[in-house]
Peer 1: 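Okay, here's the structure, questions in a sec.
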Amino acid sequence: PKMRVCLFAAGLLAAPGTSRAQIPTSYDLQHHGWITPTKDQGSLGTCWSFASTTAFQSSILRQGLASSPTDPHVLDLSVWHLATHNGRNDPDLTYPYDQWGEWGGNNNYTEGYLTRGRGEWAVSGKAIAAGGGFVSLSTDPYNAYPLAQAEAQDNLAGYVPTTNQPLDHSYRLVSSYNYDGTPSTDAAYRDTLKQAILDHGALSANMYVYEVNGSSAFDDMYNAAHNTYVYRGTPNSNHMITVVGWDDNKAVYDHEGNFVNNGAWYIQNSWGTDFGDGGFFWISYEDTAALQNADVFVAGTREVPGHEGWRFDETVEQNQIFAPDTTFGADAGQPSIALSKLTVGSDKTLGGVGFWSTEETVTLTLTIYDTFSGGMLSDSLFSEEFTVEGIGYKELYLDLLLSLLADEDIYLELDFGDLYDAPLALDSYSLSNLDGDFTGLSWIWDNDSGEWHDTTDLGEDSSLFYLKGLTVTAVPEPVPLGPR
């Protein structure tokens, strides 16, 4: 077939950095000061927002953007704003809060929130989406997590923060690495995850908290004396945790005291410091569910690489606001090319492009055109080949900044060549759940007809191509003081 669609699933990546030969037998990010203090989700099903926020904070520390896990700027990121304004769930704000239902989420929710820029969007049947990056606790008192109010069984509607807020000025997501589909019982996969922790910081990952008749039965798989957990049933997932290290020689015992194996992941939970060892516990390498889905969130600053004195804007130019959920494109041997139209509402400067890589290593060409008429692109403004590593969100930075006029249309083409199977990342959720006419905004090249095909006209696969225009602003130089 010329075009092929499949469920969006990530593969494996050995992240660049420390070689596999240097992977130690034990490691703990805490020993380097790269993990923030344990948090408490209380009775709400917000584990995913805690896990991903903690992983992002760990990356801030690992990248050397802050020096202490108690740095107020690092701790200032709002878990609560992410939990309530991700646009993918509709949290129940009245007790008992339906913690196993609409509060739930995963790392894709966080990636959508962190990459769509500042703003607010009405989502069909869900809470209003906001995002663009973490907002600060210090900006609004309602950005604080209402743990005491939830424990008091209050109605939380009065504690929901406002949507469209200024973003944290210090940090932004510049890349993510997504690992999916392999159990950590696989030794090669374990090495891949260990390498990611060494290079980037903590993982936000899944586990399965054993259930009986729909209720948590964690203790049925947990040995409190040894602080170890192992589930060896059918792979499943219902809880997100932060992976901060490992020990290949950690002795794991099941809840009955039977020895299971040597080797476990060191986990920071979001159940407060009374749980486990100050909020930490071990998950066996033999656990059949844990870490099958894991992500690294790589933090950066708002400084534009290669352009001193410029900073990325809080807003993003885009046609869709959620993380991709499908891949599309030609089979290997035929080119896969996608195109997006972006229109800026005011004079701006383009400094880069954000996209989603579906390959462990991908080489692609970004070309920006001024004109798309009669199915033909013309007036090229920029063209450059890039190679990026890792599956997940990636950014391509322009060598020359591109000035855009208000209401001007530009067309961004990503040409992945003919080496990959279905490498184009699409977001169907935005098309299905946002109001508006999305025709004429993104296209896929049809090799059979030799024409562009609108991505909103793909039948049950109709979607929007995942692409972000990253605009930048020059930071004014301080005016020197002169005599009065």
Peer 1: Classify the angle between the aromatic ring planes of Tyr97 and Tyr95 as parallel (below 30°), tilted (30 to 60°) or perpendicular (above 60°).
Peer 2: perpendicular

Peer 1: What heavy-atom pair brings Val135 and Pro166 nearest, and what distance separates the two atoms?
Peer 2: CG1-O, 3.7 Å

Peer 1: Assess the side chains of Asn178 and Asp295: does a donor N or O sit below 3.5 Å from an acceptor N or O?
Peer 2: yes

Peer 1: Enter the distance from Phe50:CZ to Met240:CE here, rounded to the nearest 0.5 Å.
Peer 2: 13.5 Å

Peer 1: Do you know which two heavy atoms are closest between Tyr229 and Val209, and how far apart they sit?
Peer 2: OH-CA, 3.6 Å

Peer 1: Is it true that Arg172 and Glu303 make a salt bridge, defined as a side-chain N closer than 4.0 Å to a carboxylate O?
Peer 2: no

Peer 1: Quick check: Tyr420 with Phe416 (ring centres under 6.0 Å apart)?
Peer 2: no

Peer 1: Considering only NZ, NE, NH1 and NH2 on the basic side and carboxylate oxygens on the acidic side, decide whether Asp90 and Lys126 come within less than 4.0 Å.
Peer 2: no

Peer 1: Could you tell me whether Glu317 and Lys348 make a salt bridge, using a distance below 4.0 angstrom between a side-chain N and a carboxylate O?
Peer 2: yes

Peer 1: Would you please indicate yes or no on a ring centroid separation below 6.0 angstrom for Tyr266 and Phe280?
Peer 2: yes

Peer 1: Nearest 0.5 angstrom please: Asn269 CG to Ile283 CD1, how far?
Peer 2: 8.0 Å

Peer 1: Tell me if the aromatic rings of Trp246 and Tyr27 count as close, with their centers under 6.0 Å from one another.
Peer 2: yes

Peer 1: Do Phe322 and Trp121 have their ring centres less than 6.0 Å from each other?
Peer 2: no

Peer 1: Would you kindly check if the NZ (Lys) or CZ (Arg) of Lys250 is within the cone defined by 45 degrees around the ring axis of Tyr285 and under 6.0 Å from the six-membered ring centre?
Peer 2: no

Peer 1: Quick one: CZ on Phe56 to CZ on Phe297, what's the gap to the nearest 0.5 Å?
Peer 2: 9.5 Å

Peer 1: Answer yes if the ring centres of Tyr210 and Phe218 are under 6.0 angstrom apart, and no otherwise.
Peer 2: no

